[in-house]
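Each remark here refers to the structure printed beneath this line.
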Number of protein chains: 4
Amino acid sequence: MKSVIGKNITLSLYGESHGTAIGAVVDGLPAGIKVNTDFMQQQLDKRKPKGKISTQRREADDFVITSGVFGGFSTGTPIHIMIENKNQKSSDYQPKLPRPSHADYAAHIKYGGFEDYRGGGHFSGRLTAPIVAAGAIATDILRNKGITIGTHIKKCQHLTDREFNNFAEDIEICNSKYFATLDDTVGEDMQQHIENIGAECDSVGGILETCVLGLPAGVGEPYFNSIESVLSHWLFSIGGVKGIEFGLGFGFADCLGSKANDAFAVCDGKVVTKTNNNGGINGGISNGMPVIFRVAVKPTPSIFKEQDTVNLAAMENAKLTLTGRHDPAIFHRARVVVDSMTALALLDLLVQRYGERWLCG
Amino acid sequence: MKSVIGKNITLSLYGESHGTAIGAVVDGLPAGIKVNTDFMQQQLDKRKPKGKISTQRREADDFVITSGVFGGFSTGTPIHIMIENKNQKSSDYQPKLPRPSHADYAAHIKYGGFEDYRGGGHFSGRLTAPIVAAGAIATDILRNKGITIGTHIKKCQHLTDREFNNFAEDIEICNSKYFATLDDTVGEDMQQHIENIGAECDSVGGILETCVLGLPAGVGEPYFNSIESVLSHWLFSIGGVKGIEFGLGFGFADCLGSKANDAFAVCDGKVVTKTNNNGGINGGISNGMPVIFRVAVKPTPSIFKEQDTVNLAAMENAKLTLTGRHDPAIFHRARVVVDSMTALALLDLLVQRYGERWLCG
Amino acid sequence: MKSVIGKNITLSLYGESHGTAIGAVVDGLPAGIKVNTDFMQQQLDKRKPKGKISTQRREADDFVITSGVFGGFSTGTPIHIMIENKNQKSSDYQPKLPRPSHADYAAHIKYGGFEDYRGGGHFSGRLTAPIVAAGAIATDILRNKGITIGTHIKKCQHLTDREFNNFAEDIEICNSKYFATLDDTVGEDMQQHIENIGAECDSVGGILETCVLGLPAGVGEPYFNSIESVLSHWLFSIGGVKGIEFGLGFGFADCLGSKANDAFAVCDGKVVTKTNNNGGINGGISNGMPVIFRVAVKPTPSIFKEQDTVNLAAMENAKLTLTGRHDPAIFHRARVVVDSMTALALLDLLVQRYGERWLCG
Amino acid sequence: MKSVIGKNITLSLYGESHGTAIGAVVDGLPAGIKVNTDFMQQQLDKRKPKGKISTQRREADDFVITSGVFGGFSTGTPIHIMIENKNQKSSDYQPKLPRPSHADYAAHIKYGGFEDYRGGGHFSGRLTAPIVAAGAIATDILRNKGITIGTHIKKCQHLTDREFNNFAEDIEICNSKYFATLDDTVGEDMQQHIENIGAECDSVGGILETCVLGLPAGVGEPYFNSIESVLSHWLFSIGGVKGIEFGLGFGFADCLGSKANDAFAVCDGKVVTKTNNNGGINGGISNGMPVIFRVAVKPTPSIFKEQDTVNLAAMENAKLTLTGRHDPAIFHRARVVVDSMTALALLDLLVQRYGERWLCG
């Protein structure tokens, strides 16, 4: 259960940045789902580097489905999605000088020098591509059940996007954009900021905020499979994610209970909460309100400024100046990965409650 | 895998606040470990309510071990720890009026009215007691391997504890106290603050910060069992935890890569990092530096102020004024739960790497 | 996942033969199930030793449910069932002389001498008691869905019971008896045979045959969670079980395909098979026919004849003559354990397909 | 956990008989293992159809490794093995007439008609090819640790191979042959028998017997991960396997305890058993003796004789006469699949005990 995640829906992942191919096997999806390869490609396009705010490594990300789909529909058996690597430049990597804040050193110790160090190997962000392809199918299934997911870039240094307002509309706005801010001007400012930072050979981090709309109350499994537990398990797998908070999150530490508590009310014959400080989750279970969470993404460790490191062969201090192609920021590309993992994780919890047959109903 | 967690080390949990007993079964611990029941009781004492900053429900928390220990040593088979409930007052609970921000309503939908609503039932913080008892054994095992864990109360509203300084000493300071701040004065101020807030029929949240010292480099399993993924899965199971961040966490969003990156250096023949913004984890794997994370705990939802809720039987708005015994804050009691779960989660990852036999060596 | 089994339904087991208590935590059962403690006790009574064909250790097997049941109904959270040990006689055991064909020696190596050797410790057949109690709840749930399970003693040396005939009636016959043969005369002969063998200080093995009626077609998960895989995983956990076969089982090796194949036919508008050599399972999935399997149970290793063994302390050959109380046969008592595990295992597969909500519908 | 198996070592499987490719992802193998692709191919060759005793569908089974191997050594991250399908003839399949004793009908109900029915789809024996490739790596790792595995064809109708005699030599004999009998003459007779049966448009079943030599005592995890439980879970996943027995297996039902018990003795300073009726396993744990088990494989369901079936579209009785290419027996080809799964399953148990680092030592 290292490269595999999920209980009823499982995702198995393989590949390295500069190997011949990367891929994922997703199982547990119901039979009879129309597999929308156009949507899968659209989601992959949101993950692709574009313009000056992303790496210049440009992969087509053409995926092939070798199994689990027959005549355009899911068969109910494992779906294997594979993406060939075509645009590797391994000469850019120096195995003996671990890049600061990358997995290089920790992997070197763990794998005893046998790790594929080229381009970060198994730890490369490229492995999120097949997750996005798999997640697109999950997203489609959820949408058919009235459950939608949207993520916007909440913050990048001093620049902050507006809050979610009308959830349904805002989710559509998020999903229609490559650089997903709710406020267009903020989005342009952020992109310019990233570009400037990239020009200075540096990188920058950010915060993503996600909303899940339409999740029925009663999903999530105490004690150990709370929605928070399951989502964070998936999301902390994404390289660069270093924090997750639900609802007010760390803001709860500034609050009194009288302010933080979400009072219940009856509205149109339904129970709602007047505020949503708990992000739609009480006791680990959905309460029917929108699920809201935020994910902190660190600056890309790969920067072009000279850095201090060590020469592992000689065990002495060394200087490292990276060449090659790197992203000055990755949070805008990580957005669709967050969406994809969220869709897969929630699907897994939904199967436990409703059964695999419900999903295709 | 709802009430069970772990792969090589498993924890299985049961019980309700006002049932006859709560307990945990912990399996996968090696044979031949001296089971220190005194230390188990000491750890339980850190979780116990004390003074005016905690609920007036006072349980002895006398645990019994019914299996898995023979002649004072672990047998290698499941250890069952049980704690009887003795001081219940179920009359304080009104099933049809869900308490805001508690699990009551979500559980009601999930379980269709069959949930044991008394005192929060399965969702009660009382269930963390057997986790603490089990965690004490794990903590002992890790300590024998040179791995120590300490958690302090970092923040409560405007009051902030000092930073970790000398890790080894600070961990001892944390573990020697009931109210775990590194700075005594801040600790007294916080306790007074909690007491004042309790007197106002309100409650308050806080942030805990944990340090793990001595974890060898190379622990943690990409892609999906990163240290962050595994720890957050465990920790988000604790009721009231709404955020987790590692290293700089959400602070990464304010940073440039050139500042955030942790440069490597050789020090006394060992590879270290000059800073530790990544909290000892790169690519989901330990890098040998102290593991640092923070957990946000929300204010206790149970407050004595009148609150808005709904009458689920009549499906109409209602007012709720709680009586009974409640904590004005829980983060100080949650501290040892965080320590316990951290110990169990890390032990699980260590078995994969070193085998169960290593643990008793 | 050593002392825990199951995916959507999990069973966690603890205890030793001569410890203070044994027990099980069963989770994943839906809320709102009337928990029939009388039926649980009836099932436990089928496992109890009786007459001269069983050990003279007579335990009341009074179980307590400490959690997961409220007002007589399941709450949807973990059900903990505990049985105290009251009639231990530990003086009968000599730790340094491992009993042939028992777990004693293997456990000694595995646990390095820290195992609880008294009465077989964790390996004792006593641990099946809480499984039977948990299985009784599962059996009840299945019965409400039209799925019934029955097991008879197919064979004991030269004595063979008649074949299943009318499944529904035969399952009732099995479940109405303590010594479950379909043919009364064979049953009496077998009991006399066991008694005779016991009188000669020896023990004897047997074969159990189980029928599951009413399992809908489409249950079971290829590739690795075939019904055969899942059932055998559960059933081989029972001490003394050394073989499992489905349908014709080992008899398939004597067959041609033209004879072994189960031809399909339409009968009353339903697809059936004319024969049922595959035991109701094709490709690991139920086909709607009765599920039929057989389990081989070895003779109780504890016999009163002198046996050769080794003295582990001195590492030299030794003689062992057991005293104490032992069963001359266990297959008749294992019968209800097979039923219980079958019920739990099938329930787990049914949740994946239909969801936990289906079970209470 | 449907198409994924294993805890510390995981195997994830995908593909359909007539899809573009089949494959497996194996994870948890240690880094630094020399990956012997020649041996992988040799093992695949043992699974390949040959001569008149197997199907005329002849696939090259050229595998590619797209990840997890770098410079000829395992990297410690997931190894993906893929085999393209090249020799499909889908026109031979008629979707609406389920083949007796095949998965066709059960899958049709389970997947609602969306299953890929061509050539058995996901249920095809072809999916065992990537398992064999993955198993070859596991076999190599075990061999380096002194653990060897061999399987011979014990029985095919009236023809019976000789018993294991000198285990080390016999394992070599098994592994050196395509048609693995210990006695050459019996092997030739069996092959002629299969050929004759194929000529009569029929098929035949058989029994395989496996020996594992060198497994240290103390491996296997009670209660639910006994060696028997774990091996049977893996092995019953193989299509056509309908029975498994360990040691005397079903023969225990004919035995008295005094004969069945394996007496201990000290031999050359080591504890051994004088007989090995328990097949090297006591209480689910290895006792250091050879592990012995037998697997029953049913006759290939695909025969060329006319058979009764149903037309699922019209829901009426129908006749089916298969054309195309089918095996008159599969047990000789299943042999290496049994070896492969056994190697992977035991490796998984060994990691729990010794850790992943032990494996590469």
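Labels below follow one simple rule: chain letters A, B, ... track the order of the sequence lines, proteins then strands, and each chain is numbered from 1. Note: hydrogens, waters and symmetry copies are ignored here, and every other heavy atom, side chains too, is used. The structure displayed is predicted, hence computed values, not measured ones.
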Please examine the side chains of D:Asp262 and C:Ser101, heavy atoms only from C-beta on, and report whether any two atoms are closer than 4.5 Å.
yes
If one checks every heavy atom of D:Ser203 against chain C at 4.5 Å, the contacting part turns out to be both
Check whether the side chains of C:Ser237 and D:Ser226 place a donor and an acceptor atom closer than 3.5 Å, and report yes or no.
no
Heavy-atom proximity to chain D below 4.5 Å, by part of C:Ile131
side chain
Engaged part of D:Leu11 at the chain C interface, taking heavy atoms whose separation is under 4.5 Å:
both
C:Tyr105 vs D:Asn282 side-chain heavy atoms within contact, under 4.5 Å
no
Residue D:Lys274 versus chain C: region with a heavy atom under 4.5 Å:
side chain
D:Gln307 versus chain C, the contacting section by heavy-atom distance below 4.5 Å:
side chain
Kindly give the heavy-atom pair with the smallest separation between C:Phe236 and D:Ile244, and that separation in Å.
CZ-O, 3.8 Å
With side chains defined as the heavy atoms from C-beta onward, is the minimum distance between C:Leu13 and D:Phe224 less than 4.5 Å?
yes
I need the minimum non-hydrogen distance between D:Gly283 and C:Ala103, along with the two atoms involved.
CA-CB, 3.7 Å
Gap between atom CD of C:Glu200 and atom CG of D:Leu256 - 0.5 Å precision
7.5 Å
Identify which part of D:Arg294 has an atom lying under 4.5 Å from any heavy atom of chain C, answering side chain, backbone, both or neither.
both
Rounded to the nearest 0.5 Å, how far apart are OG of D:Ser3 and CD of C:Glu221?
10.0 Å
At a heavy-atom separation under 4.5 Å, does D:Phe250 approach chain C through its side chain, its backbone, both, or neither?
both
Is the shortest side-chain heavy-atom distance between C:Val297 and D:Phe252 below 4.5 Å?
no
Selection from C:Ala265, C:Ala260, C:Pro216 maximising heavy-atom pairs under 4.5 Å formed with chain D:
C:Ala265
Test salt bridge (charged side-chain N to carboxylate O under 4.0 Å, His left out) on D:Lys259 and C:Asp202 and set out the steps.
CA-CA 9 Å; D:Lys259 191 183 156 239; C:Asp202 215 328; over 6 Å; no
Compute whether any side-chain donor of one residue and acceptor of the other, for C:Asn277 and D:Lys298, lie under 3.5 angstrom apart.
no
Are side-chain heavy atoms of C:Ile281 and D:Lys242 found at a separation under 4.5 Å?
yes
Turns out that what part of D:Met341 lies under 4.5 Å from chain C's heavy atoms comes down to side chain
Distance only, no hydrogens: is a donor on one side chain within 3.5 Å (strictly under) of an acceptor on the other, for D:His233 and C:Asn225?
yes
Check: C:Asp254 and D:Lys155 side chains under 4.5 Å, non-hydrogen atoms:
yes
At a 4.5 Å cut-off on heavy atoms, which part of D:Ile197 comes close to chain C: side chain, backbone, both, or neither?
side chain
So which part of D:Tyr111 gets closer than 4.5 Å to some heavy atom of chain C, the side chain, the backbone, both or neither?
side chain
Are side-chain heavy atoms of C:Tyr223 and D:Thr128 found at a separation under 4.5 Å?
yes
D:Ile153 versus chain C, heavy atoms under 4.5 Å apart: side chain, backbone, both or neither?
neither
If one checks every heavy atom of D:Cys156 against chain C at 4.5 Å, the contacting part turns out to be backbone
Minimal non-hydrogen separation, D:Val266 against C:Asn317, with atom names
N-OD1, 2.7 Å
What part of D:His102 is in contact with chain C, defined as an atom under 4.5 angstrom from a non-hydrogen atom: side chain, backbone, both or neither?
backbone
Answer with side chain, backbone, both or neither: which region of C:Ser258 has an atom nearer than 4.5 Å to a non-hydrogen atom of chain D?
both
Taking the side chain as everything from C-beta on, heavy atoms only, tell me whether D:Lys270 gets closer than 4.5 Å to C:Met315.
no
Closer than 3.5 angstrom, by distance alone: can the side chain of D:Thr309 be matched with the main-chain N or O of C:Phe264 as a donor-acceptor pair?
no
